[in-house]
Amino acid sequence: IGLGLAAMILIFRTTGPLGSGILAASGLLGGAYYSTTVIPSWIQHLAVLVPLTYGLRVIRRAILAGLPLAAIGWHALAGVMVLAIAFVLFNLGWIGGGDAKLAAATSLWLGFGALPRYGILAAICGGVLTLALLQLRRLELPKVFTAHAWSARLLDSKVGVPYGIALAIAGLVVYPDSAIWLAIKAI
């Protein structure tokens, strides 16, 4: 949806009423105004397609579980801080834009308490991934490994390391110990 609207802006210089309509529908289906559990079941199937649904669901559950608003605010601050740092690294050409956004979004969920462990684990996973790719890129692999565009790109020595893989693995490992997850799990 977002890519479609961005393309419309580039082509037509506006989204017209379509953009406003999609934004309103996302708010309604995503649960911005009420919980998605109160809408008819046939519409709930559409709600799972709206990313806003998941973010709002976690925030609601964290509040209902008794996680103080201050703690949620600290999580938001962690996400903003990592986003600022990551965009500096992006502007220096050290990381990709997707990696910057993924690190910030993950930091939002983890909060300051889990950030050191996340950073260390992401660095370790990134190092292992980099070493593995460097080794694979030195080998003469059979054509089956480069038959698809994504695998050929992954094995191309002129292309950087897809660090998002390391960030995602680290986030998945650390997330179950985060304050938000523990509060939600308790209900």
Novice: Are Trp94 and Val88 joined in one hydrophobic group, where the rule is that I, L, V, M, F, W and Y side chains link up if heavy atoms are under 4.5 Å apart?
Specialist: yes

Novice: What are the two closest non-hydrogen atoms of Ala47 and Thr36, and how far apart are they?
Specialist: CB-CG2, 4.1 Å

Novice: Please say yes or no: joined through hydrophobic side-chain contacts below 4.5 Å, possibly via intermediate residues, are Leu77 and Ile85 part of one cluster?
Specialist: yes

Novice: Does Val128 reach the side chain of Cys125, with side-chain heavy atoms less than 4.5 Å apart?
Specialist: no

Novice: Is the shortest heavy-atom distance from the side chain of Val173 to the side chain of Arg117 under 4.5 Å?
Specialist: yes

Novice: When rounded to the nearest 0.5 angstrom, what is the spacing between CD in Gln44 and CG in Leu29?
Specialist: 10.5 Å

Novice: Over all heavy atoms of both residues, which pair between Ala78 and Leu115 is shortest? Give the atoms and the distance, please.
Specialist: CB-CD1, 4.1 Å

Novice: Shortest non-hydrogen contact from Ala168 to Leu102?
Specialist: N-CD2, 4.2 Å

Novice: Quick check: does any side chain N or O of Thr53 sit under 3.5 Å from a backbone N or O of Val48, one acting as donor and the other as acceptor?
Specialist: no

Novice: Minimum heavy-atom separation for Gly171 and Thr106, please, with both atom names.
Specialist: CA-CG2, 3.8 Å

Novice: Nearest 0.5 Å please: distance from the OG atom of Ser26 over to the CG atom of Leu46.
Specialist: 11.0 Å

Novice: Contact between Phe112 and Met81 at the side-chain level, heavy atoms closer than 4.5 Å - yes or no?
Specialist: yes

Novice: For the hydrophobic clusters of this structure (ILVMFWY residues joined by side-chain heavy atoms under 4.5 Å, transitively), does one cluster hold both Val161 and Leu134?
Specialist: no

Novice: Minimum heavy-atom separation for Asp99 to Gly164, with atom names?
Specialist: OD1-N, 3.1 Å

Novice: Could you give the distance from CG (Leu131) to CG (Leu136), rounded to the nearest 0.5 Å?
Specialist: 11.0 Å

Novice: Please confirm whether the backbone N or O of Ala122 pairs with a side-chain atom of Tyr163, one donor and one acceptor, at under 3.5 Å?
Specialist: yes

Novice: Under a 4.5 Å cut-off applied to non-hydrogen side-chain atoms, are Tyr118 and Leu167 in contact?
Specialist: yes

Novice: Output the distance between atom CZ (Phe87) and atom CD1 (Ile95), rounded to the nearest 0.5 Å.
Specialist: 8.5 Å

Novice: Indicate yes or no: at least one non-hydrogen side-chain atom of Leu67 is less than 4.5 angstrom from one of Ile72.
Specialist: yes

Novice: Say whether Leu172 and Tyr175 are linked into one hydrophobic cluster, either directly or through other cluster members, by side-chain heavy-atom distances under 4.5 angstrom.
Specialist: no

Novice: If you compare all heavy atoms of Leu129 against all heavy atoms of Ala166, which two are closest, and at what distance to 0.1 Å?
Specialist: CD2-N, 4.4 Å

Novice: Test of understanding: clusters of I, L, V, M, F, W, Y form through side-chain heavy atoms closer than 4.5 Å, transitively. Do Val50 and Ile43 belong to the same one?
Specialist: yes

Novice: Are Pro68 and Ile63 close enough that some pair of their side-chain heavy atoms sits under 4.5 Å apart?
Specialist: no

Novice: If you round to the nearest 0.5 Å, how far is CG of Leu133 from OG of Ser157?
Specialist: 11.0 Å

